[in-house]
Number of protein chains: 2
Amino acid sequence: MSKNAFRPPVMADVAQRAGVSHQTVSRVLNELPNVRQSTKDRVLQAIEELGYRRNLTARALVTRHSRVLGVVSFDTTLYGPASTLHGIEQAARGAGYFVSIVSLKAITHDSVREAIGYLASQGVDGIVLVAPQRQAAQALSSVPDDIPAVAVEGGRARKVPVVSVDQVGGARLAVEHLLELGHRTVWHIAGPADWLEAEGRIKGWQAALTAADRELPEMLTGDWSPRSGYEAGLELPADATAVFVANDQMALGLLRALAERRIKVPKQVSVVGFDDVPEAEFFGPPLTTVRQDFSLVGRHSIDLLLEQLDTDGPIRRRRVIVPAELITRSSTAPPRST
Amino acid sequence: MSKNAFRPPVMADVAQRAGVSHQTVSRVLNELPNVRQSTKDRVLQAIEELGYRRNLTARALVTRHSRVLGVVSFDTTLYGPASTLHGIEQAARGAGYFVSIVSLKAITHDSVREAIGYLASQGVDGIVLVAPQRQAAQALSSVPDDIPAVAVEGGRARKVPVVSVDQVGGARLAVEHLLELGHRTVWHIAGPADWLEAEGRIKGWQAALTAADRELPEMLTGDWSPRSGYEAGLELPADATAVFVANDQMALGLLRALAERRIKVPKQVSVVGFDDVPEAEFFGPPLTTVRQDFSLVGRHSIDLLLEQLDTDGPIRRRRVIVPAELITRSSTAPPRST
DNA sequence: GATGGCGATGTTAGCGTTCACAGTCTTTGC
DNA sequence: GCAAAGACTGTGAACGCTAACATCGCCATC
């Protein structure tokens, strides 16, 4: 117990100084009508003089709205989640909300549940789950009913709106680009099996090849890391001429492996990545890739969340798909043997 | 106004169900002594049955502690800030604190002030400022006295403890490594002038060269982006044999520029980066770089913050320096003309 | 068997807001 | 010039929790 008797001023202090009731101060703060301009000025001046700041905790207690949004995410060190988080934060703050984050080391049904419960007890008004793994999508169905939620890349989550990038379409774009260049078929280095994004890209890859009536090579699988792309690159058959890699980091690893194997890109092998990380343009060679607009994803997820908060009505199941875009650089070219 | 009369259970509901007073429920929840085991069990069971969750807002109102920590950061899309944020979040949650973030688009005195005020009114118990720019460090001196804060990479901030990586030492390591390999001198592509990290690396570079009695080449400057490294790479004089780049992204750009200029790395030019991003190992060639342990930085900053919270006493000015580590890969080699 | 002490529980009063309502003071219309 | 309709302002009671104190047993002590 320190003798520090200093207490930040409260509404009553402001009221007293301005010669009004605390309720009038509240009215001024909340910009309610029917306050005379002169008294409003007095109150504002008193607030200024005292350096008063409204106590949002007390406000939250009575209004039952904290104006805090919770975000549950997986490894915010990765470019995708980090960018999405950033987009969410910007959008939320723009709408006058705070953002409280929980970053999970592992996505399991239980860890997601726990994180959500944790945020719920803190009194968040809504939750965004950025967790593109199947388990996470399932865990979402155990969100308390009274708290609005949105899933990012959440698959066909029950009862919760979903925002996602068009993974299938993006993958198609990549594969079609390679086919148009004249490649017979396209290999794929996929992301980990339990990730919905990996799944979508696999689907798009298969769909594009099937649609063009090409044979489906055996699929290689990585874990998003450059190293796993490198390892896949060492295993890539010598007769492959085109590879679609599920993310840019693995593509980087692949490029490295190919360089070590003295395989020239794009002369002998064309490579397409996914994400368009800022570095992609400066890979050796600059990487053709599929761009995802993460900040748009973040913004949409907040929009959907706020929509639920405003209507307060039954949750409209909705799904927002953000298109992906092919960025053509110099890691792709027609096959040698044309 | 919906007819939704559903209200989550409150302490009184639990109390009634367990046949005790709400205060006893509180005691159980807070694990205070002097509650008979049998009543504790009854309370716990009632909590379980009702699915009760304590309302942390109400708790915060009366205890004047929210158990929320605020983080103000700059562009959480960058690898460094994102990793630091992640480290902070992990450490904070481990200590039972929530993390509320504000990510700034531009670091100015005013924007930092505003962000801090914003967090303060939300009632955070403490603030971590991750903002390695000079303006931010200054803005920190305007933090309200009653709220503990810690700066990450904050320079010699007044009255606030600082956690930082040993930028100068890291840069020295890089330059000394190059000199030991036999290079006459080392060029430097620096980060933007107003960043303290850039400044520290410049200092280390200069110090190492001066200590070895070498001439100081003209310094090139970038903005951390791969593109700026690329542009600097185009301007690099042909007689340069070794370059220390202030971060890995710019180093990537440099590698690209050198590749285009048909300059072989490391045969003709050696390159050292800074950060050790996960991709660095797979650059062409794998990049020798200086590793910063961002998660350790995050952990230390939380430690320092909690220390202030616990002691509640006068703020002990402290400074924690996290050492940097040289990671030797294959982008460095002895100069050709040895 | 009165006294004290201590463990276990209950009671009351806030924390700083907003909400619902009750006032009071101006207008306005005729 | 007077009533009614508005504008403006104040009063009390929540919100759900913890802190401080009060109370009740029960046992040890002399």
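In this text the structure is predicted, and so the values were computed from the model without any measurement.
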Donor-acceptor check, side chain of B/R27 to backbone of B/N34, threshold 3.5 angstrom: yes or no?
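No; judged by distance alone, with no hydrogens or angles, the pair does not exist.
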To the nearest Å, how far apart are [X] [atom1] and [N] [atom2]?
X     : N      : atom1 : atom2 : result
A/H65 : D/dC15 : NE2   : P     : 15 Å
B/Q37 : C/dA8  : CD    : C1'   : 14 Å
A/N34 : C/dG23 : CG    : C1'   : 15 Å
B/M11 : D/dA19 : CE    : P     : 11 Å
B/R27 : D/dA19 : CZ    : P     : 11 Å
A/L56 : C/dG16 : CG    : P     : 14 Å
A/R64 : D/dA14 : CZ    : P     : 13 Å
B/R54 : D/dC15 : CZ    : C1'   : 17 Å

Nearest-nucleotide wise, let me know which of A/R53 and B/Q23 is further upstream toward the 5' end of DNA chain C.
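That would be B/Q23.
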Using only side-chain N and O atoms of [X], determine if any of them is under 4.0 Å from OP1 or OP2 of [N].
X     : N      : result
A/S26 : C/dT18 : yes
B/T24 : C/dG10 : yes
A/T57 : C/dT17 : no
B/R59 : D/dG16 : no

Report yes if the side chains of B/L196 and B/E153 come closer than 4.5 Å at any heavy-atom pair, otherwise no.
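The answer is no, as the side chains (C-beta and beyond) never meet within the 4.5 Å cut-off.
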Short side-chain donor-acceptor distance under 3.5 Å, B/Q37 and B/D41
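A pair is found: one side chain offers a donor N or O, the other an acceptor, under 3.5 Å apart.
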Determine whether the side chains of A/D293 and A/S295 contain a donor N or O and an acceptor N or O closer than 3.5 Å.
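Yes - a donor-acceptor pair under 3.5 Å links their side chains.
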Out of C/dG16, C/dT9, C/dT17, which has the shortest distance to the side chain of A/L61?
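Ranking C/dG16, C/dT9, C/dT17 by closest atom to the A/L61 side chain puts C/dG16 first.
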Return the nearest nucleotide to the side chain of A/S21; candidates are D/dT18, C/dT9, D/dG10.
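Between D/dT18, C/dT9, D/dG10, the one nearest the side chain of A/S21 would be D/dG10.
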Please classify the nucleic acid contact of A/T39 as base, sugar-phosphate, or nothing, using heavy-atom distances under 4.0 Å.
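Since only primed, P, OP1 and OP2 atoms lie under 4.0 Å of A/T39, the category is sugar-phosphate.
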What class does the angle between the rings of B/F294 and B/Y79 fall in, given that below 30° is parallel, 30 to 60° is tilted and above 60° is perpendicular?
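Perpendicular.
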Could you check B/H22 against A/V62 and say which one's nearest nucleotide on DNA chain D is further toward the 5' end?
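Final value for this comparison: A/V62.
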